[in-house]
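This is a predicted model, so every value here is computed, not measured. Atoms considered below: every heavy atom in the structure, side chains included; atoms not considered: hydrogens, waters and symmetry mates. Numbers here are sequence positions counted from 1.
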Amino acid sequence: LWESVYASADGFDTTTYFDFIIEACAAGRSEEDILWTINKFRSLQAQSGEELGRVPRTLSATLNYSDVNNIEFALQLASVALAEYYPSWSAETKAAFDDFVDKGIYALWIHDNVAPTYSNIYMMHAWNLIALGEYLDPSRTWGDSLNLTTKQLADKGYEYLKKFYDLTAT
């Protein structure tokens, strides 16, 4: 039903998967629904190569991973789910979420050439780095082979935020 509601001429907007997860958690839906949705999104995520961690914007006949901004949209909502609902999830759901986010962080981290003048994506990038850095488990590393610490993630996000603040303060 969710995919039907959020379908467009281009196909289903995959970034709404985390909208569903947040709303399903808030409404007390079955954790099976949450896990199924995370796994569905994971199945669409690039698992290797230059596109590792990226997600297509739309679910259509041909999956397109060329827009590096799509992971920004997905992770901004994943961060909310992480902060609000992750602690109550089962180990299986947490592991699926962690796998998605781990690969997503790889794509997020290498997408480091966002110009501050592209303000919506720039601020989303800063938010993603800060929120993930502040809420993810600090006892492990993230970003697949990049092996980033949560401190590195948060620090980079705060650098982005300061740069934007400095740019707009003039």
Subject >> Any Leu167 side-chain heavy atom under 4.5 Å of Tyr122 side chain >> reply: no
Original post:
Do the rings of His111 and His125 sit parallel, tilted or perpendicular, given the 30° and 60° boundaries?
Top reply: perpendicular
Original post:
Side chain of Asn147, backbone of Thr141: donor and acceptor closer than 3.5 Å?
Top reply: no
Original post:
Using 4.0 Å as the upper bound for N to carboxylate O, is an ion pair formed by Lys156 and Asp112?
Top reply: no
Original post:
Minimum heavy-atom separation for Pro87 to Leu82, with atom names?
Top reply: CD-O, 3.8 Å
Original post:
For the side chain of Asn70 and the backbone of Val55, is there at least one donor-acceptor N/O pair under 3.5 Å apart?
Top reply: yes
Original post:
Considering the options Leu108, Thr150, Leu148, which one meets the side-chain contact (heavy atoms from CB on, under 4.5 Å) requirement together with Leu132?
Top reply: Leu108
Original post:
Between the main-chain N or O of Gln152 and the side-chain N or O of Thr149, is there a donor-acceptor pair closer than 3.5 Å?
Top reply: yes
**OP:** Look at the side chain of Glu31 and the backbone N and O of Ser90, then say whether any donor-acceptor pair between them is shorter than 3.5 Å.
**Re:** yes
**OP:** Check for a donor-acceptor pair, side chain of Asn64 on one end and backbone N or O of Pro56 on the other, with a separation under 3.5 Å.
**Re:** no
Original post:
If every non-hydrogen atom of Cys25 is compared with every non-hydrogen atom of Ile34, which pair is closest and at what distance?
Top reply: SG-CG1, 3.7 Å
Original post:
Out of Asp67, Asp13, Thr14, which one pairs with Arg57 under the side-chain hydrogen bond (donor to acceptor under 3.5 Å, both in side chains) rule?
Top reply: Asp13
**OP:** Measure from the side-chain N and O atoms of Tyr135 to the backbone N and O of Glu84, and report whether any donor-acceptor pair falls under 3.5 Å.
**Re:** no
Original post:
According to the interplanar angle, ranging from 0 to 90°, do the rings of Trp89 and Phe97 count as parallel (below 30°), tilted (30 to 60°) or perpendicular (above 60°)?
Top reply: perpendicular
Original post:
How many angstroms lie between CZ in Arg42 and CG in Leu35, if you round to the nearest 0.5 Å?
Top reply: 8.0 Å
**OP:** Work out which heavy atom in Ala81 is nearest to a heavy atom in Ile21; give both atom names and the distance.
**Re:** CB-CG2, 4.3 Å
Original post:
More than 12 foreign heavy atoms under 6.0 Å from CD of Glu92: is that the case here?
Top reply: no
**OP:** Could you tell me whether a side-chain N or O of Arg54 sits under 3.5 Å from a main-chain N or O of Tyr65, the two making a donor and an acceptor?
**Re:** yes
Original post:
Is it true that a side-chain atom of Trp142 and a backbone atom of Asp137 form a donor plus acceptor pair closer than 3.5 Å?
Top reply: yes
Original post:
Is Asp155 salt-bridged to Lys151, cutoff N-O under 4.0 Å?
Top reply: yes
**OP:** Could you tell me the separation between the CG atom of Asn120 and the CD atom of Gln76, rounded to the nearest 0.5 Å?
**Re:** 9.5 Å
**OP:** Give a yes or no on whether the ring-centroid distance for Phe18 and Phe100 is below 6.0 angstrom.
**Re:** yes
